Asker: 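What follows is a structure written as structure tokens; I'll ask about it next.
Keep in mind that what you see is a predicted model, and the values were worked out from it rather than measured.
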Protein chains: 2
Amino acid sequence: MLEEGYAAVSSRRVAAEAGVNVALVYYYFATMDELFLALFRRGAQRSLERQAIALSSPQPLWGLWDLTHHGSDPAVTMEFIALANHRKEIRAEIAEYSRKFRALQLEKLSAALEHYGVDPELWPASSIILMMAGISRFLLIEEAFELDTGHKETVELIERHITALEGPRQPGHVEFVSQHASMNF
Amino acid sequence: MLEEGYAAVSSRRVAAEAGVNVALVYYYFATMDELFLALFRRGAQRSLERQAIALSSPQPLWGLWDLTHHGSDPAVTMEFIALANHRKEIRAEIAEYSRKFRALQLEKLSAALEHYGVDPELWPASSIILMMAGISRFLLIEEAFELDTGHKETVELIERHITALEGPRQPGHVEFVSQHASMNF
DNA sequence: GTCTATACTTCGATAGAC
DNA sequence: GTCTATCGAAGTATAGAC
């Protein structure tokens, strides 16, 4: 899926990779879409758990930022988004998980931002979350194209603002986060 | 390509849509990748020209924001990014066009921002461009999933800041921009 | 330019033996 | 649970007539 795209994932190749027969793939997954759904659910569930840990940090802004910026693989995310654009059921599943991700982020971060004294009228938690997600995904996608115009400046800008609220990043975040790549919804 | 994804674009289906024979497709395009390259170049060139117009507005920030937020189709963009993740030549072509897009944006907007008195140390033009692009793409992708948490607040936040610099949006932008969907790189 | 005809590969999915 | 065997459809690409 990562190397050649979701459309290159065929029952035959899955079977070959697993060292089993094609028919066995259909024994476990009635259609290829069900296989993709199962794959997505497993990855999304793991990412959700990692996010819960990152957000429970005493520095939840750093936690979320490091998770998306250093601990997520845009290629996986992109493949599932592309797949979802053409499969209704997968789109619905991704939407459902996205809401879970977002709800958890909102809960943890709106409390933290209030505690930091950030005016929710000027800087709503939902906007800060959305902007961080959009920017970091964009940065990662551009990196894959070997584009880096403004990347350094933007990372500095964001991290300067996080530092203003939470102080310098405490060690541990990036290490935790970069152990395995997550999805980023 | 939009309905079923780039992988569903086959020589046979292209031929059928065009009402010609399969072999004729290969007469014009040696491989399917060349067809995709030609398709991308045509679209990117048009988008580049539209962007030049939008940035030549007396309100270039509004111009760029409206172009990406109301005048671009994330589905086209996503398909090409997904395709590029697996085809080296297409990735290189997209990277090249992205640099052109970005260079034009930087040229027009860094002049405008300096004129508005924005401190380039705190808010570099390259960062503002990158953030606007990332956020608007994220908003549009989420819309396709019928997700809208924080969308309204974020659009208001961004447009409030643009208004602070350029005053209220003058009519004409959105109209120009929503005539045809563009790519968004 | 445009076509017919064809070679060869791979696909999703199923029936039925073990 | 795991396999063999098979169906019909669709893919990329090419040779060569007109």
Side-chain angles (χ1 to χ4, degrees), chain A residues 1-45 75-97 144 183, chain B residues 1-45 75-95 97 144-145 183:
Chain A
M1 190 171 180
L2 285 180
E3 286 162 12
E4 301 183 42
Y6 71 83
V9 178
S10 68
S11 50
R12 285 179 148 86
R13 294 181 74 174
V14 168
E17 288 280 334
V20 297
N21 191 274
V22 201
L24 196 57
V25 174
Y26 285 102
Y27 174 78
Y28 285 102
F29 306 99
T31 64
M32 287 306 289
D33 277 12
E34 290 207 17
L35 187 149
F36 283 120
L37 267 178
L39 182 65
F40 172 78
R41 283 199 193 101
R42 192 175 66 176
Q45 192 58 41
V76 199
T77 309
M78 293 291 293
E79 283 301 325
F80 276 113
I81 291 178
L83 182 56
N85 280 332
H86 313 293
R87 312 291 167 88
K88 214 172 104 183
E89 291 187 356
I90 293 174
R91 182 161 61 246
E93 187 75 18
I94 291 184
E96 199 182 312
Y97 262 99
M183 294 173 182
Chain B
M1 191 171 179
L2 286 179
E3 287 161 13
E4 301 182 41
Y6 71 83
V9 178
S10 68
S11 48
R12 280 179 149 88
R13 295 181 72 174
V14 167
E17 287 281 334
V20 298
N21 191 275
V22 200
L24 196 56
V25 174
Y26 287 101
Y27 174 78
Y28 285 102
F29 306 99
T31 64
M32 287 305 289
D33 277 12
E34 290 208 17
L35 186 149
F36 282 120
L37 268 178
L39 182 63
F40 173 77
R41 284 199 192 100
R42 193 175 66 177
Q45 192 58 41
V76 199
T77 311
M78 294 292 295
E79 282 302 323
F80 276 112
I81 291 178
L83 182 58
N85 279 333
H86 313 293
R87 311 291 168 88
K88 215 172 102 183
E89 291 187 357
I90 293 174
R91 182 161 60 246
E93 187 75 18
I94 290 185
Y97 262 98
F145 286 79
M183 294 173 181

Asker: Do Met78(A) and Ile81(B) have side chains that get closer than 4.5 Å, going by heavy atoms?
Answerer: yes

Asker: Mind checking whether His86(A) and Glu79(B) have side chains closer than 4.5 Å, heavy atoms only?
Answerer: yes

Asker: Decide yes or no for Leu83(A) and Phe36(A): does some side-chain heavy atom of the first lie under 4.5 Å from some side-chain heavy atom of the second?
Answerer: yes

Asker: How close do Leu39(A) and Met183(A) get, counting heavy atoms only, and between which atoms?
Answerer: O-CE, 4.5 Å

Asker: Before giving the answer on side chain to side chain contact (heavy atoms under 4.5 Å, CB included), spell out for Ile94(B) and Phe80(B) the whole-Å C-alpha distance, their side-chain angles and the decisive distance to 0.1 Å.
Answerer: CA-CA 8 Å; Ile94(B) 290 185; Phe80(B) 276 112; 3.9 Å; yes

Asker: Could you measure the distance from the CZ atom of Arg87(B) to the CG atom of Asn85(B)? Nearest 0.5 Å is fine.
Answerer: 11.0 Å

Asker: I'd like a list of close polar pairs between nucleotides 7-9 of chain C and the protein, N/O only, cut-off under 3.5 Å.
Answerer:
none

Asker: I'd like to check Glu89(B) versus Asp33(B) (side-chain heavy atoms, cut-off strictly below 4.5 Å). Are they in contact?
Answerer: no

Asker: Side chain to side chain contact (heavy atoms under 4.5 Å, CB included), that's the test. Do Phe29(B) and Val14(B) meet it? Break it down for me.
Answerer: CA-CA 11 Å; Phe29(B) 306 99; Val14(B) 167; over 6 Å; no

Asker: Could you tell me which residues satisfy side chain to side chain contact (heavy atoms under 4.5 Å, CB included) with Ala82(B), sequence neighbours excluded, listed by chain and number?
Answerer: Ala82(A), Tyr6(B)

Asker: Do any of residues 78-90 of chain B sit with a heavy atom less than 4.0 Å from DNA chain C, and if so which?
Answerer: none

Asker: What's the shortest heavy-atom distance between Ser11(B) and Val25(B), and which atoms?
Answerer: O-CG2, 3.9 Å

Asker: Hey, does the side chain of Ser10(A) come within less than 4.0 Å of dT10(C)'s phosphate (OP1/OP2), counting only N and O?
Answerer: no

Asker: Using a 4.0 Å heavy-atom cut-off, does Phe29(A) contact any base of the nucleic acid, only the sugar-phosphate backbone, or nothing at all?
Answerer: nothing

Asker: Does any donor atom in the side chain of Glu34(B) or Tyr28(B) lie under 3.5 Å from an acceptor atom in the other side chain?
Answerer: no

Asker: So if I take residues 14-26 of chain A and measure heavy-atom distances to DNA chain D, which residues fall below 4.0 Å?
Answerer: Val20(A), Asn21(A), Ala23(A), Leu24(A)

Asker: List in numerical order all residues of residues 31-40 of chain B for which some heavy atom is under 4.0 Å away from an atom belonging to DNA chain C.
Answerer: none

Asker: Could you report the tightest heavy-atom contact between Arg41(B) and Tyr97(B), atom names first, then the distance?
Answerer: O-OH, 4.0 Å

Asker: Taking all heavy atoms of Met32(B) and all of Val9(B), pick out the closest pair and write down the distance.
Answerer: CE-O, 3.4 Å

Asker: Between which nucleotides of DNA chain D, 5' to 3', does chain A make heavy-atom contacts below 4.0 Å?
Answerer: dG1(D) to dT4(D)

Asker: Can you tell me how far apart CZ (Phe145(B)) and CD1 (Ile90(A)) are? Round to the nearest 0.5 Å.
Answerer: 10.0 Å

